[in-house]
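Here's the structure, in C-alpha cells; my notes come after.
Quick note on labels: first sequence line is chain A, next is B, and so on, each numbered from 1.
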Amino acid sequence: MSDFSLMGLKAPTVIFGAALLLLALALPPWFGSYHHYLASLALINIIMAVGLNILTGNAGQISLCNSSFMAIGAYATTYLSVKLGLSYWLALPLGGVISAISGFFLGFPALRLRGFYLAVVTLGFLEVSQILIEQLPGITGGVRGISSPRPALFGHTLSSDLSFYYVILAITLATIWCAYSLLRSPTGRAFEAIRSSEAAAQTLAVPLAQTKLAAFVISAFFAGIGGGLFASLVGFIDPLEFGVWTSVRHVVFIVVGGLGSITGSVVGAIVLTVLPEVLRAFKEYQEFVFGGLLLVVLILLPHGLVGLGPAIRARLTQSDATSVAAAQRGVAE
Amino acid sequence: MSFFSIDNMSVIFGGLRAVSNVSLALGEGEIHGVIGPNGAGKTSLINAVSGLVPMAGGTIHLDGKPLQALPPHRRAAAGIGRTFQHAEIFPDQSVIANVMTGGFAHRQSSLLQDFLGTPGKAAAERQARREAEQMLDAFGLLSFCDALAGDLPFGTLKKIDLARALVGKPRVLMLDEPTSGMNDTEAQEVIAACRRIAGELRVTLLVIEHNMRVIMGLANMIHVLDHGEKIADGTPAEIQRNPLVIEAYLGHGSAAHA
C-alpha cells in the first residue's frame, strides 16, 4: 500500500481528482454548446449533491426539500439582479444567504424530529415553497415562470455556454474546497458525531441544536448558490423545475455516489447527469434502463460508487495473497 | 465544599427509583470507585451527571458552580468528561477523527473559518491532530490512527473512548467499566495509563468497575450502590470488610458465612 497522501487525501483520490480537473479545464473547447450546457448542469448538480451530502451523509439529517432551497436561491438571485438591478455577482451570494436563512428556519423542526418524521416535514416545506412560488407572481413570475438572463463579467456578457461553464466550474471548485475544509474541522467532526451517537456527541461538548442548525444552514447555502447558477444557465425558471422529483434526484446522487463522501457527491452527480443523455439511445426504455442501473449499483455497491475503489483494491490484494499462498505451496511441494 | 459533589441525587424512570438520594463528594485529583450489583443505578448516576437522563432531584457542583440546570454539552464544556460502557465510538470515522472529536470543547477555529478553510483553521487542525496522536500514543494505539474505528475489537474501542474523553481535558472524568472486554494484563495497562494521565492533568476520576481487583487497587475511596441507594462508602479495605456490602453482593444470609 502506498503511504502517499496530500492534505490527508489518499493517492487514488488525488490522482482521480487531478485527472477530472484537467479534463474539466482542457476538454470543453473541443466540444459544442450542447455539451457545455450539459457539463454546466453536471457541475451545478455537484454543488447540490455536495451540500445535501453534508446534511444527510455527514450530519445524518434526511431532507427531501433540497430543491426548495435551490428554488429560493434561483428566484432570489433572479429577483435581486433583474428586478432590483443588483450585480449578479452580488445577487448570487445573497441568494445563497437567503436560502441559508430559510434553512435555519427549517432546521428547527429537525431539532425534535428524526428519520421519516423529518422527511415528512421537509416534504411539507417543499409543498409550501411550491405554493409560495405560484402565489407570488410579482417576485417569481408564478406558474408562468420568469426569465433569468446571463450575467456579465468585466463588462462582457457570458452569453456563450463555454464562458459560463468556466464560471460555474470555478464556483464548483470553491464549493468542494469549502466542503473539504468543513469535513476536516471541528464542525465537520461534530456533524459526524451527532449522526453516529447523539449521547456521545453531547458528552464531548457538541451542542446538538446548534450543530443540526449549522448543517441545515450550510446545506441550504450551497443549494441556493446552485439554484442561482441554474437560473442563469437555463435562462428561464418555473416551479416545475423545483418539484419533489428534483429533490429525489439529489438524494439519488448522493446515495449512488456515496453517502458522506465528497468524491461520492462528485461522481454521483456527474454519472447521473450524463447517464440519462447516454441512455437516449434506448428511447422509450430510457427510464427503465436508468432505474435498473440504479438498482444494480445499490445492490452491488452498498457504499455507492466510491465503494468501488476499496472493493477493487481488496479484490486485488486478496488475489495477491492467494498467489503468494499458491507460490508458497509450490515451494513446499 | 468539595471540588466535585453530587448531593441527594434521584433519578426516576416511570415508577422505578433508579437512583435514590445519593450523595458523594470528591476532592480534586482523587480517584473514587462506584461499585454495586447489576441494576444498582451506577450508570444512571453518571448519565444523570452528564445530563443524558433527567434528575428527579438533587444538585451537582463542580468547583463551586452548580451544573444541574445546564444542558449536557455545557456540562461537558464545564469539565465533566465520561466514557461509555459500550464505548459509543463513531464507527464510520477513523480512530484519529474519533479522538480529535474529543477536543471539540477546545477548538481553535470558528464555524466560518472551518467553512472557508483559512490558514488559521489549518494550523488549529494540525495542533488538534498532534494532541490526539499524543493521546493515542499514551494508550499504545498510534498505529491504529487511520484505521476505521468500526473494524476494531471492543477492548481497543474502550481505550479509544478513554483517549477521546481525555483529549477534552476534563476536570472530572467518569469511567463506565473502563476495563470490560479486556484481559487482566490489558486491564492493568489501561488503568496504569489512566492513572498516569489523570495525575499529570490533575483529572478527578469517578470509576464504575466490576473487576474488584482493578477497582480496589485504583480507588482512594469506594461508594457502594444497591437498588439505587448508597449503602456504604469507605476506603477499599473498609469496603471489603463491610457486612452490608457482602450481603448486597452475595445475597441475604450470606454475611454470616462470609
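Heavy-atom distances place no part of B:Asn98 under 4.5 Å from chain A, backbone and side chain included. Residue contact with chain B, scored on non-hydrogen atoms closer than 4.5 Å, is absent for A:Leu183. Residue B:Phe84 touches chain A through its side chain alone, counting heavy-atom pairs closer than 4.5 Å. Proximity to chain A is absent for every atom of B:Gln108, based on heavy atoms less than 4.5 angstrom apart. Proximity to chain B is absent for every atom of A:Phe191, based on heavy atoms less than 4.5 angstrom apart. Contacts of B:Ser50 with chain A are made by side-chain atoms alone, with heavy-atom separations under 4.5 Å and no backbone atom involved.
The closest donor-acceptor contact from the side chain of A:Ser181 to the backbone of B:Leu116 lies at 3.5 Å or more, if one exists at all.
Counting heavy-atom pairs under 4.5 Å between each of B:Ala124, B:Ala128, B:Ala76, B:Ala122 and chain A puts B:Ala76 at the top. Taking B:Ile89, B:Thr101, B:Asn47 one by one and counting their heavy-atom pairs under 4.5 Å with chain A, the maximum is reached by B:Thr101. Per-residue heavy-atom pair counts under 4.5 Å with chain B were compared for A:Gly188, A:Pro207, A:Ser197, and the maximum is reached by A:Pro207. Chain A forms more heavy-atom pairs under 4.5 Å with one residue of B:Arg107, B:Gln93, B:Arg129 than with any other, namely B:Gln93.
Here the closest heavy-atom approach between residue A:Ser196 and residue B:Phe90 is recorded as CB-CD2, 3.3 Å. Closest of all the heavy-atom pairs between B:Glu125 and A:Arg184 is OE2-O, 2.8 Å. Contact between A:Ala205 and B:Ala77 at its shortest, heavy atoms only, is CB-N, 3.9 Å. A:Pro186 and B:Phe104 get closest at one heavy-atom pair: O-CE1, 3.5 Å.
In the model, A:Ser185 has no side-chain atom that pairs as donor or acceptor with a side-chain atom of B:Lys121 under 3.5 Å.
Residue B:Phe154 places its CZ atom among more than 12 non-hydrogen atoms of other residues, nucleotides or ligands, all under 6.0 Å distant. The environment of B:His61 atom NE2 is dense: over 12 non-hydrogen atoms of other residues, nucleotides or ligands sit within 6.0 angstrom. More than 12 heavy-atom neighbours from other residues, nucleotides or ligands sit within 6.0 angstrom of NE2 on B:His106.
The salt bridge (charged side-chain N to carboxylate O under 4.0 Å, His left out) test applied to B:Glu177 returns no partner, not counting sequence neighbours.
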Go through the steps for B:Arg164 and A:Leu204 under the test side-chain contact (heavy atoms from CB on, under 4.5 Å), then give the verdict.
CA-CA 8 Å; B:Arg164 182 176 69 178; A:Leu204 299 171; 3.6 Å; yes
What verdict does the side-chain contact (heavy atoms from CB on, under 4.5 Å) test give for B:Asp92 and A:Arg195, after you've listed the backbone C-alpha separation in whole Å, the side-chain angles of each residue and the deciding distance to 0.1 Å?
CA-CA 10 Å; B:Asp92 311 327; A:Arg195 177 176 54 84; 2.8 Å; yes
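Counting heavy atoms from C-beta on, the side chains of A:Gln210 and B:His73 come closer than 4.5 Å.
The distance from atom CZ of B:Phe115 to atom CD1 of A:Ile218, rounded to the nearest 0.5 Å, is 6.5 Å. The OG1 atom of A:Thr187 lies 4.5 Å from the CG atom of B:Leu111; values are rounded to the nearest 0.5 Å. With rounding to the nearest 0.5 Å, the separation of CZ in B:Arg74 from CD in A:Gln202 is 13.0 Å.
Just one of B:Ile80, B:Leu52, B:Thr83 meets the side-chain contact (heavy atoms from CB on, under 4.5 Å) condition when paired with A:Thr203; it is B:Leu52.
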